[in-house]
J.: 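Structure incoming, see below.
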There are 2 protein chains.
Amino acid sequence: MLTIGQLAAYAGVTVRAVRHYHQIGLLPEPERDAAGYRRYRAAAVVSLIKIRTLADAGVPLSRIGQMLDADPAAFAEAVRRIDSHLRDEIQRLETSREQIAQLAAGDALALPSEVIAYLDRLRELGVSERMVEGERDGWILLAARWSDRVREFMPGKLAQLDDPRVVRLYRVLSEIFDDDDAGDDSRLEEAADLMACLAEQAHASGEINLGEEAYDDLPHDLLDSLAVEADPRVERLVELLRERGWSGWNRMERLAERPG
Amino acid sequence: MLTIGQLAAYAGVTVRAVRHYHQIGLLPEPERDAAGYRRYRAAAVVSLIKIRTLADAGVPLSRIGQMLDADPAAFAEAVRRIDSHLRDEIQRLETSREQIAQLAAGDALALPSEVIAYLDRLRELGVSERMVEGERDGWILLAARWSDRVREFMPGKLAQLDDPRVVRLYRVLSEIFDDDDAGDDSRLEEAADLMACLAEQAHASGEINLGEEAYDDLPHDLLDSLAVEADPRVERLVELLRERGWSGWNRMERLAERPG
DNA sequence: TGGGGGGTTGACGCAGCGTCAGGGTCAAGC
DNA sequence: GCTTGACCCTGACGCTGCGTCAACCCCCCA
């Protein structure tokens with residue numbers, strides 16, 4: 001007759017685990033000796049080993065009981081279900097590993113590599129770190145909704161950076177936002193002029209950039225809010241753009257031409 | 001400004017999860033509106049997405065906070081640790097899958113394939129199901145301690161089944177145990193004779209079967225107990241064996257020859 | 001006779017939320 | 001103005017598989 005400690009040691013589990021199996025009715029309580037100690041027969045060791053084998057294989061304790069006294073067909077069926085569940089788990093973890101691998105750099109958090117490349121290009125072009133981080137957060141929002149679409153757009157976005165006016169715009173914006181002096185700034189005007197000019201060109205060449213109708217408006221509103229939160233001067237810029245006939249910030253649209 | 005439901009939907013999590021992140025201080029509590037509702041800025045969406053990205057990658061919530069405001073070096077180090085942890089997890093699950101794959105048949109529970117083959121051979125030779133199950137449980141005990149050693153012994157055990165006396169022994173034992181009549185049985189004598197004879201031969205040919213000194217005695221005691229538990233007539237058999245100069249059941253040893 | 005290494009029950013703790021219970025709020029339709 | 005349904009709020013328990021006290025009992029050895 002074995003004590004609980006011997007039983008546990010033989011099956012390679014802790015005493016606490018054995019008691020737990022008793023509690024949930026997975027392993028029957030044995031008889032007690034005069035002192036109230038549990039005394040186990042050899043058969044209990046066999047039961048316990050079977051339980052551990054299934055538990056180690058990932059079977060939840062709540063199902064092990066049923067499995068152990070199921071007929072072979074039901075057992076096999078249960079095994080199949082467990083196995084496919086394990087497969088899914090492994091798949092999930094492997095996906096996680098891939099994601100983790102993307103996280104080596106701080107920027108990579110929740111962003112596809114194409115976007116990282118775009119952000120790095122901005123840095124090369126002299127865009128300020130603060131500005132790049134703002135951009136990054138915007139792309140995080142977009143990537144959360146349409147990560148695959150975002151990838152498709154990146155080549156176009158990269159190409160835009162070959163236009164000196166775009167680069168100039170980014171630099172002016174960098175200066176504006178890096179300058180803690182909140183006063184009215186002539187650079188705001190220059191930025192607004194550049195944006196209007198670029199928007200005009202894009203509009204003329206028929207670019208239906210990003211948008212299309214499939215996209216609901218929530219993310220664009222969010223992007224605009226994000227920009228304003230990051231720097232309230234964005235609001236002033238939006239105002240200046242409106243004066244020039246354009247509404248919005250991330251998605252600019254031509255206003256009805258009332259102010260002749 | 002977003003409500004908690006909108007925030008959650010945008011980041012692809014549940015409202016409950018967001019509140020949980022507030023509780024543990026992972027996501028800062030936003031301001032409330034007049035009704036006491038939480039109102040979120042766009043930046044909260046970005047934070048939440050970052051949190052989920054790390055959480056989905058298997059980072060425990062308790063570490064996500066630290067990671068998010070760690071410097072790049074510490075972040076990279078944390079990522080490495082997470083990754084190696086994930087690798088271990090995957091390894092563990094794959095081992096589980098292999099084990100699960102062994103469980104297709106009822107017998108396979110916690111037994112290497114060599115033992116399964118041995119048990120199947122017993123069935124072919126006409127050994128009763130009850131007897132085979134008894135054998136199986138014994139092997140489960142042995143395999144739990146020395147699964148690799150057990151594999152080594154199986155060829156020898158299989159070879160023993162080529163000896164007609166061994167087969168005869170198993171059949172006689174099958175008959176004995178299958179017969180619910182507990183009365184004193186002449187077949188017990190035959191079984192004892194066979195066992196003594198085989199033990200004699202094994203001893204003479206110098207077989208140090210299984211044993212060697214490395215094995216502690218616990219498992220053999222357990223095996224004997226298991227047999228007695230399965231059928232008390234084993235006790236009578238042990239007695240008969242003792243009369244013939246042998247002690248034990250699974251591991252038989254020659255007695256000092258006192259009874260001339 | 002005391003100490004150390006067993007055993008006993010009972011209870012809380014853990015991670016990451018799910019899921020009530022028992023309220024209040026808001027927008028819309030009657 | 002009243003109802004309805006979809007949200008929001010806090011608080012609390014539940015789940016899994018045990019780990020880890022606490023407070024006490026028991027046996028064996030010196």
Side-chain angles (χ1 to χ4, degrees), chain A residues 1-27 29-40 44 47-68 82 85-86 89 92-93 96 218, chain B residues 1-27 29-40 44 47-68 82 85-86 89 92-93 96 218:
Chain A
M1 293 296 245
L2 307 169
T3 68
I4 194 170
Q6 294 170 315
L7 170 70
Y10 200 87
V13 307
T14 65
V15 169
R16 182 65 181 84
V18 175
R19 286 204 268 252
H20 183 61
Y21 300 153
H22 288 321
Q23 267 194 0
I24 63 176
L26 188 49
L27 192 64
E29 283 272 5
E31 287 153 19
R32 307 296 182 107
D33 66 11
Y37 289 13
R38 293 177 178 85
R39 288 296 175 168
Y40 297 89
S47 299
L48 189 48
I49 290 171
K50 287 182 182 177
I51 290 172
R52 280 316 309 173
T53 303
L54 288 171
D56 287 343
V59 181
L61 297 187
S62 54
R63 294 231 307 256
I64 290 182
Q66 311 160 17
M67 283 185 71
L68 284 182
I82 302 292
H85 180 248
L86 279 178
E89 270 303 279
R92 217 177 50 74
L93 291 187
S96 290
L218 182 56
Chain B
M1 294 297 244
L2 306 170
T3 68
I4 195 171
Q6 293 170 315
L7 170 71
Y10 199 88
V13 307
T14 65
V15 169
R16 181 64 181 87
V18 175
R19 286 204 266 252
H20 183 61
Y21 301 152
H22 287 323
Q23 267 194 358
I24 63 177
L26 188 49
L27 193 64
E29 283 272 4
E31 288 152 16
R32 308 293 182 111
D33 66 10
Y37 289 12
R38 293 177 179 86
R39 290 296 176 168
Y40 297 88
S47 298
L48 189 48
I49 289 171
K50 287 182 180 176
I51 289 172
R52 280 316 309 172
T53 303
L54 287 172
D56 288 342
V59 182
L61 297 187
S62 55
R63 294 230 310 252
I64 291 181
Q66 311 160 16
M67 282 185 73
L68 284 181
I82 301 293
H85 179 247
L86 278 178
E89 270 302 280
R92 217 178 49 75
L93 291 187
S96 291
L218 182 55

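Bear in mind the structure is a predicted one, so any value in this text is a computation, not a measurement.
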J.: How long is the straight-line distance from CD of E31(B) back to CZ of R39(B), given to the nearest 0.5 Å?
T.: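 Here the interatomic distance stands at 12.0 Å.
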J.: Return the value, rounded to whole Å, for the distance between atom CD1 of I4(B) and atom P of dC26(C).
T.: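 I4(B) atom CD1 is separated from dC26(C) atom P by 16 Å.
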J.: Could you tell me the separation between the NE2 atom of H85(B) and the P atom of dA15(C), rounded to a whole number of Å?
T.: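 So the two atoms are 13 Å apart, to the nearest Å.
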J.: What's the CZ-P distance between R38(B) and dC26(C), to the nearest Å?
T.: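 So the two atoms are 16 Å apart, to the nearest Å.
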J.: Could you grab the distance from atom CE of M67(B) to atom NZ of K50(B), nearest 0.5 Å is fine?
T.: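 Those atoms lie 12.0 Å apart.
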J.: Give a yes or no answer on whether the side chain of Q66(A) reaches the backbone of S62(A) with a donor-acceptor pair at less than 3.5 Å.
T.: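 Judged by distance alone, yes, a pair lies under 3.5 Å.
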J.: Using the side-chain contact (heavy atoms from CB on, under 4.5 Å) rule, take R52(B) and Y21(B) through it: C-alpha gap first, then chi angles, then the decisive distance, then the call.
T.: CA-CA 11 Å; R52(B) 280 316 309 172; Y21(B) 301 152; 2.6 Å; yes
J.: From OH of Y40(A) over to C1' of dT8(C), roughly how many Å is that when rounded to an integer?
T.: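 These atoms are roughly 11 Å apart.
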J.: Looking only at atom types and distance, does a side-chain atom of T14(B) sit under 3.5 Å from a main-chain N or O of A8(B), one as donor and one as acceptor?
T.: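 No; judged by distance alone, with no hydrogens or angles, the pair does not exist.
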J.: For a quick test of reading the model: is some side-chain N or O of T3(A) closer than 4.0 Å to OP1 or OP2 of dG7(C)?
T.: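 For dG7(C), OP1 or OP2 has a side-chain N or O of T3(A) closer than 4.0 Å.
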J.: Need one value for R63(A): base, sugar-phosphate or nothing, where a base atom within 4.0 Å counts as base even if backbone is also close, heavy atoms only.
T.: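 Counting heavy atoms under 4.0 Å across all strands, no contact is made by R63(A).
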J.: R32(B) near the nucleic acid: base, sugar-phosphate alone, or nothing, with a heavy-atom cut-off under 4.0 Å?
T.: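 Sugar-phosphate contact only.
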J.: Let me test you: for the helix from dT1(C)-dA30(D) to dC30(C)-dG1(D), what is the angle between the axes at its two ends (five pairs each), rounded to 10 degrees?
T.: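 The end-segment axes of the helix from dT1(C)-dA30(D) to dC30(C)-dG1(D) are tilted 30° relative to each other.
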J.: How long is the straight-line distance from OG1 of T3(A) back to CG of D33(A), given to the nearest 0.5 Å?
T.: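 One gets 9.5 Å once the value is rounded to the nearest 0.5 Å.
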J.: Rounding to a whole Å, what distance do you find between E89(B):CD and dA15(C):C1'?
T.: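 From E89(B) CD to dA15(C) C1': 14 Å.
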J.: From L27(B) CG over to L7(B) CG, what is the distance, rounded to the nearest 0.5 angstrom?
T.: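 One finds 7.0 Å between CG of L27(B) and CG of L7(B).
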J.: Rounded to whole angstrom units, what separation is found between the CD1 atom of I51(B) and the P atom of dA15(C)?
T.: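 For the pair I51(B) CD1 and dA15(C) P, the rounded distance is 16 Å.
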J.: Return the value, rounded to whole Å, for the distance between atom CG of L7(A) and atom P of dG6(C).
T.: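 In whole Å, dG6(C) P lies 15 Å from L7(A) CG.
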J.: Taking any atom closer than 4.0 angstrom to a non-hydrogen atom of chain B, what span of DNA chain D does the protein reach, first nucleotide to last?
T.: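 Under 4.0 Å from chain B, the extent on DNA chain D is dC7(D) to dA12(D).
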J.: Does H85(A), at its NE2 atom, have more than 12 non-hydrogen atoms belonging to other residues, nucleotides or ligands within less than 6.0 Å?
T.: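 Open.
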J.: Given E89(B) and E89(A), is the side-chain contact (heavy atoms from CB on, under 4.5 Å) satisfied, shown in steps?
T.: CA-CA 10 Å; E89(B) 270 302 280; E89(A) 270 303 279; over 6 Å; no
J.: Quick one, which residues of residues 14-23 of chain B touch DNA chain C with a heavy atom under 4.0 Å?
T.: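 DNA chain C contact set from residues 14-23 of chain B: T14(B), R16(B), A17(B), H20(B), Y21(B).
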J.: Only one of I24(A), T53(A), L54(A) passes side chain to side chain contact (heavy atoms under 4.5 Å, CB included) with I64(A); say which it is.
T.: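 The passing option is L54(A).
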